[in-house]
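Worksheet for the structure shown next.
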Amino acid sequence: MKENKEWQQLMDFDGRRESFPAFSGRAMQWHEQVTSTNDLGIAWLRDQLNPPPDGAVIIANVQTRGRGRFGRSWYAPPGSALLFTYLLRPPAKYLARAGMLGALAVCEALEALGAHDLTVKWPNDVHLGGRKICGVLPEACWQADHLLGVALGIGINVRVHFVDPALAVRAASLEPALKRAVDRNELLAAVLERLDHWRARLQDPALFSAWRARLNVFGRAVTVDMSGSVLSGTAEAVEETGALLLRLEDGKLERVVAGDLSFV
Ligand code: BTN
């Protein structure tokens with residue numbers, strides 16, 4: 001089966017590693033099945049005896065308890081997606097940039113592979129042609145008030161067959177968009193290349209500007225659900241902290257630090 005062969009190659013360190021410069025010399029863990037790659041990432045960040053180098057990655061073919069934002073679950077059938085966690089240690093001041101980094105790197109990598117119309121729905125959902133193709137889940141790992149690092153979880157739909165029609169109109173997958181087969185090794189290498197690029201520039205205002213330029217929310221009527229309380233308005237701007245500025249119906253400007261945004 002094509003997917004098995006591809007996965008075998010993914011897990012075959014010695015056989016194919018050197019074909020992808022982005023893999024060479026990198027600390028990488030491949031797993032057939034895990035609970036969540038972010039679980040393993042957080043455990044690794046906490047491992048004081050064998051701490052992960054910046055840019056280390058954990059990849060899995062299947063997650064049994066993959067998670068999304070706001071405690072949602074995130075499931076992809078075996079072989080259908082690229083699921084991984086990238087570890088980084090940003091200065092605490094730039095913590096909010098981790099999510100920007102993830103979304104931006106995926107947009108640029110997908111473009112490098114030939115995809116078009118890559119945008120970001122605030123704060124870090126990647127959309128292709130207005131449909132979600134990738135979710136990004138940055139989870140900070142603290143020890144008391146010391147930031148150990150961030151487990152930046154990324155799930156990209158490669159060949160997901162969406163059975164639910166409601167989902168099919170909102171979600172996208174890479175292979176149908178490119179009209180060709182995509183090797184997940186190639187995709188992972190492309191995303192890692194962009195993650196490394198921007199991780200080295202985390203403090204550079206260019207990262208914020210590039211993320212902002214990708215946002216597809218400005219001037220649009222939206223609702224933002226903040227764990228129960230919902231605001232409605234027009235997305236007007238974003239701050240360097242990543243906060244969204246929402247013009248409410250009564251004319252007030254509201255600053256939203258985190259929330260689940262939907263287009264009205
Ligand atoms: C979202 O809700 O949009 C974020 C989804 C993030 C999913 C990825 S898959 C790899 C990593 N491990 C997880 O458990 N979640 C992230």
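Quick note: residue numbers are just sequence positions, from 1. Atoms within each ligand, like the ligands themselves, are counted from 1 in listed order.
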| request: Verify, without hydrogens or angle tests, whether N185 (side chain) and L188 (backbone) share a donor-acceptor contact under 3.5 angstrom. | output: no
| Are there more than 12 heavy atoms of other residues, nucleotides or ligands under 6.0 Å from atom CZ of R46? | yes
| message | Within a 6.0 Å radius of atom CD on Q33, are there more than 12 heavy atoms belonging to other residues, nucleotides or ligands? | response | yes
Sub-4.0 Å atoms of ligand 1 with respect to non-hydrogen atoms of [X]:
{"X": "V136", "value": "4 (C)"}
{"X": "G135", "value": "3 (O), 4 (C), 5 (C), 6 (C)"}
{"X": "D125", "value": "3 (O)"}
{"X": "G66", "value": "14 (O)"}
{"X": "G68", "value": "1 (C), 2 (O), 4 (C), 5 (C)"}
{"X": "S36", "value": "12 (N), 13 (C), 14 (O)"}
{"X": "N38", "value": "11 (C), 12 (N)"}
{"X": "L137", "value": "6 (C)"}

| message | W30 and side-chain contact (heavy atoms from CB on, under 4.5 Å): which single residue from I59, I58, V57 fits? | response | I59
Distance from [atom] to nearest protein heavy atom, with residue and atom:
{"atom": "atom 11 (C) of ligand 1", "answer": "T37 OG1, 3.3 Å"}
{"atom": "atom 5 (C) of ligand 1", "answer": "W74 CE3, 3.3 Å"}
{"atom": "atom 2 (O) of ligand 1", "answer": "R69 N, 2.7 Å"}
{"atom": "atom 9 (S) of ligand 1", "answer": "Q63 NE2, 3.4 Å"}
{"atom": "atom 3 (O) of ligand 1", "answer": "K132 NZ, 2.6 Å"}

Quick one: do [X] and [Y] make a salt bridge, cutoff under 4.0 Å?
{"X": "R69", "Y": "D125", "value": "no"}
{"X": "K93", "Y": "E240", "value": "no"}
{"X": "E254", "Y": "R247", "value": "no"}

| task | Under the side-chain hydrogen bond (donor to acceptor under 3.5 Å, both in side chains) rule, what do W198 and E108 come out as? Steps first, then yes or no, please. | result | CA-CA 11 Å; W198 286 113; E108 292 181 349; 2.8 Å; yes
| Residue portion contacting ligand 1 (non-hydrogen atoms closer than 4.0 Å) for F70 | neither
| remark: Counting heavy atoms under 4.0 Å, the part of D39 that contacts ligand 1 is neither
| field | Under the salt bridge (charged side-chain N to carboxylate O under 4.0 Å, His left out) test, residues paired with K179 that sit two or more places apart | value | none
| query | Quick one: does R67 get within less than 4.0 Å of ligand 1, heavy atoms only? | reply | yes
| remark: L245 meets the side-chain contact (heavy atoms from CB on, under 4.5 Å) criterion, sequence neighbours left out, with A237, E239, L253, R255
